[in-house]
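Keep in mind that what you see is a predicted model, and the values were worked out from it rather than measured.
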Amino acid sequence: MKMKKTICVVLGTALAVTAFAGCGKQKTDDASKSEKLKWVMIGPGKQKDADMVWAEFNKQLAEKLPNTEVEFEIIEGSAYGEKWQLMSAASEQIDIAWSGYAVPSFLGEVEKGAYLPLNDLIDENAPDIKKELPDWLFKLTTVDDKIYAIPNYQVMSTTPLGLHIRKEHEQYIDIDKVQKAYMEFRNDFSKGQAFYDTIAEYLENMKQAGKIGKGVGLGLGSFDAIADKVYDSTTVSNFWIDPDTLKVFYDGTSPYKKLWYDVAEDWYKKGYIRNDILSENMDGADEAEKGYILWAHGYFNKTSEKIESMQKGFDTRVFGLGDKSYIKNSVPATMTALGRTCKNPQRAIKVLELMHTEKGKDLYNLLTFGLEGTHYEKVSENRIKPVDYTSQGDSNSKYGLWKWAVGNTLNAYELPGDEDGMADYIKELDNSSELLPTVGFKPDMSEYTVELAQIKSVEDEYKTLKYGALPNQQETYKEYEAKLESAGVEKVREGIQKQLDKWLSENKK
């Protein structure tokens, strides 16, 4: 993304001073001066024992960073995006800010000057961050050669999508057959229908056995994502890059997605998709509890079955589609930035260094999990059992933040759902993943704001296509294509392709 030489954009006269305060060389930190930093983070909200834990955190923090105190505001996940926008617009003091999936657009926030560039701050004040985190990680949060956030290291690879069923239904599906058909589909688009037919066999078997329940879950996990080939992100919604051809395309009108729309229509008519799906709110992530017999969620890894079985309260069977993992161009789902109103960026980046490196491991675990003997019991040196949750704390827990929101999860204690050596597994997975050639590409979309707004409007209008339940599905799809064309989808695609070609020529390996 090409932007003006200075990233800070004046949002209004009232914001001018604070917006430009984040640019250029920062003044030197005076370690003898007391500094109170405010950290805004996504999480379960403020819990019962939060003040107790935070007091101990600040006590131990002072031993590593004298005269430093952190004030925390933990905002519930569903409210974070809106609350962040309000706080930022009001120029509230925010020294450290979580960013990620709940913020409408990380790149949009960068363009507005909401976050400070971190390159010099890291190099001069927190060098261990770059020593301990892989170089490619920072490409995901770099815009115009400036790093604007530290990715909170977790599983960073895009791993094979996982299909989920209740383990008691395993007898009704030929998993090996499904997986083999999927790999053939990946290598040959003409085999796509055959792949979906292997899943349909399971659905029909369940129907004949009187166990169809509510059929295929099509909620937040997006079962229709199976239709997508291994594509890389342009960081622009629904515009993707084929890493084999390095061509940009629009996902909604790709042959893969059209195939899914046709399959969904067929499955709806056969009763594999609930007949009232258009009137239901399908944006949840609880298909299993609601009686679905097949759903797709998150990523498949070796802990999926164990964690989901513990969370759901019944045995699940999770099997992956595909045999490779990739490092993609997508903006990380969880990262930490410094707000443009940060009073002391040098001190704030030192706090983050502790949250992302080995030397701050004890502090990180204290902030994340609370106090030993009160909020968890140690099972072994690096494994704990929280007193009132299994995978992560919620609003009813005495204390327990979300480890992936706090910092580097490789330094986290292992929880009951984790396999032994979880950190080593994550590093091994990422190190063996294929780094796609377009990682680091971020197009400038400033010329296409009108078209993108129009395209989003079309998507909102036709979002139910993926359910296959429309009475005139085929005609509706043609309308959808026509409206996208009128909205300027090809103009945007060509613009991104032109920028990608230029970027590739400048970043040849």
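- Under the 4.0 Å criterion applied to side-chain N and carboxylate O atoms, Glu459 and Lys456 are not assigned as salt-bridge partners.
- Nearest heavy atom pair, residue Val458 against residue Ala487, reads CG2-CB, 4.2 Å.
- Distance alone, capped at 3.5 Å, is enough to place a donor-acceptor pair between the Glu414 side chain and the Met422 backbone.
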**Report entry** Check against side-chain contact (heavy atoms from CB on, under 4.5 Å), Thr253 and Tyr480
**Finding:** CA-CA 9 Å; Thr253 56; Tyr480 167 67; 4.3 Å; yes

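- The backbone N or O of Ser88 sits less than 3.5 Å from a side-chain atom of Arg340, completing a donor-acceptor pair.
- Without hydrogens or angle criteria, Asn329 side chain to Asp232 main chain gives no donor-acceptor distance under 3.5 Å.
- Ile165 CD1 to Ile293 CD1: the interatomic distance, rounded to the nearest 0.5 Å, is 9.0 Å.
- Counting heavy atoms from C-beta outward, Glu109 and Lys112 have side chains that approach closer than 4.5 Å.
- Using a distance-only test at 3.5 Å, with no hydrogens or angles considered, a donor-acceptor pair links the side chain of Asn119 to the main chain of Asp145.
- Between Ala102 and Gly77, the closest heavy-atom pair is CB-O, 4.2 Å.
- Glu479 has no carboxylate O lying under 4.0 Å from a charged side-chain N of Lys483, or vice versa, which leaves the two without a salt bridge.
- A pairwise comparison of heavy atoms in Leu435 and Val439 identifies CD1-CG2, 3.9 Å as the closest pair.
- Heavy-atom minimum distance, Pro243 versus Leu246: O-CD2, 3.8 Å.
- Looking at heavy atoms from C-beta onward, Gln499 lies in side-chain contact with Phe441 at the 4.5 angstrom threshold.
- For the atom pair OH (Tyr462) and OH (Tyr477), the distance works out to 12.5 Å, reported to the nearest 0.5 Å.
- In this structure, Asp135 places its CG atom where only 12 or fewer heavy-atom neighbours from other residues, nucleotides or ligands lie under 6.0 Å away.
- Contact check for Gln193 versus Asp197: side-chain heavy atoms found under the 4.5 Å cut-off.
- In terms of modelled atom types and a separation under 3.5 Å, the side chain of Thr357 and the main chain of Ile129 share no donor-acceptor contact.
- Side-chain atoms of Gln473 and Tyr268, non-hydrogen and from C-beta on, never get closer than 4.5 Å to each other.
- Side-chain contact between Ile455 and Asn238 is absent, with no heavy-atom pair separated by less than 4.5 Å.
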Query raised in the report: Taking it one step at a time, do Trp267 and Leu218 satisfy side-chain contact (heavy atoms from CB on, under 4.5 Å)?
Result: CA-CA 12 Å; Trp267 286 6; Leu218 294 172; over 6 Å; no

Report task. Take Lys258 and Glu481 through the side-chain contact (heavy atoms from CB on, under 4.5 Å) test and state the conclusion after the steps. Result -> CA-CA 11 Å; Lys258 178 58 168 64; Glu481 280 188 308; over 6 Å; no

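- Two rings, from Tyr256 and Phe189, have their centers less than 6.0 Å apart.
- Here the side chains of Leu338 and Leu352 are in contact, with some heavy-atom distance below 4.5 Å.
- Lys498 and Asp501 are not joined by a salt bridge, as no carboxylate oxygen comes within less than 4.0 angstrom of a charged side-chain nitrogen.
- Within the 6.0 Å centre-distance limit, the rings of Phe106 and Tyr115 are counted as a close aromatic pair.
- Within 6.0 Å of CD in Glu447 there are 12 or fewer heavy atoms belonging to other residues, nucleotides or ligands.
- Atom CD of Gln85 has more than 12 heavy atoms from other residues, nucleotides or ligands within 6.0 Å.
- Here the closest heavy-atom approach between residue Gln474 and residue Asp262 is recorded as NE2-OD1, 3.0 Å.
- Ring geometry for Trp84 against Tyr80 counts as parallel: the plane angle stays under 30°, on a 0 to 90° scale with 60° as the upper cut.
- Using cut-offs of 30° and 60° for the angle between ring planes, the Phe185 and Phe195 rings count as parallel.
- Remark: the backbone N or O of Glu490 is not paired with any side-chain donor or acceptor of Glu485 at under 3.5 angstrom.
- Side chain of Asp188 to backbone of Glu184: no donor-acceptor contact under 3.5 angstrom is found.
- For the atom pair CD1 of Ile173 and OG1 of Thr198, the computed distance is 7.5 Å after rounding to the nearest 0.5 Å.
- No donor-acceptor pair closer than 3.5 Å links the side chain of Trp240 to the backbone N or O of Thr234.
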Report task. Determine, step by step, whether Ile150 and Ile349 satisfy the side-chain contact (heavy atoms from CB on, under 4.5 Å) criterion, reporting the C-alpha distance in whole Å, the side-chain angles of both residues, the deciding distance to 0.1 Å, and the verdict. Result -> CA-CA 10 Å; Ile150 302 171; Ile349 201 68; 4.1 Å; yes

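- Using bins of under 30°, 30° to 60° and over 60° for the plane-to-plane angle, the ring pair Phe239/Tyr250 lands in the perpendicular bin.
- Rounding to the nearest 0.5 Å gives a distance of 10.0 Å between OH of Tyr182 and CD1 of Ile199.
- Under the 4.5 Å side-chain criterion, counting only non-hydrogen atoms from C-beta, Met156 is in contact with Leu140.
- Using a cutoff of 4.0 Å between basic side-chain nitrogens and carboxylate oxygens, Lys478 and Glu475 are scored as salt-bridged.
- At distances below 3.5 Å, not a single donor-acceptor pair connects side-chain atoms of Thr334 with backbone N or O atoms of Gly100.
- At least one donor-acceptor pair under 3.5 Å links the side chain of Ser254 to the backbone N or O of Lys257.
- Taking each heavy atom of Ser91 and Thr341 in turn, the nearest pair found is O-CG2, 3.9 Å.
- The side-chain heavy atoms of Leu415 and Asp418, taken from C-beta on, include a pair separated by under 4.5 Å.
- In this structure, CD on Glu494 lies 8.5 Å from OH on Tyr448, to the nearest 0.5 angstrom.
- Taking CG of Asp430 as the start and OH of Tyr425 as the end, the distance is 9.5 Å to the nearest 0.5 Å.
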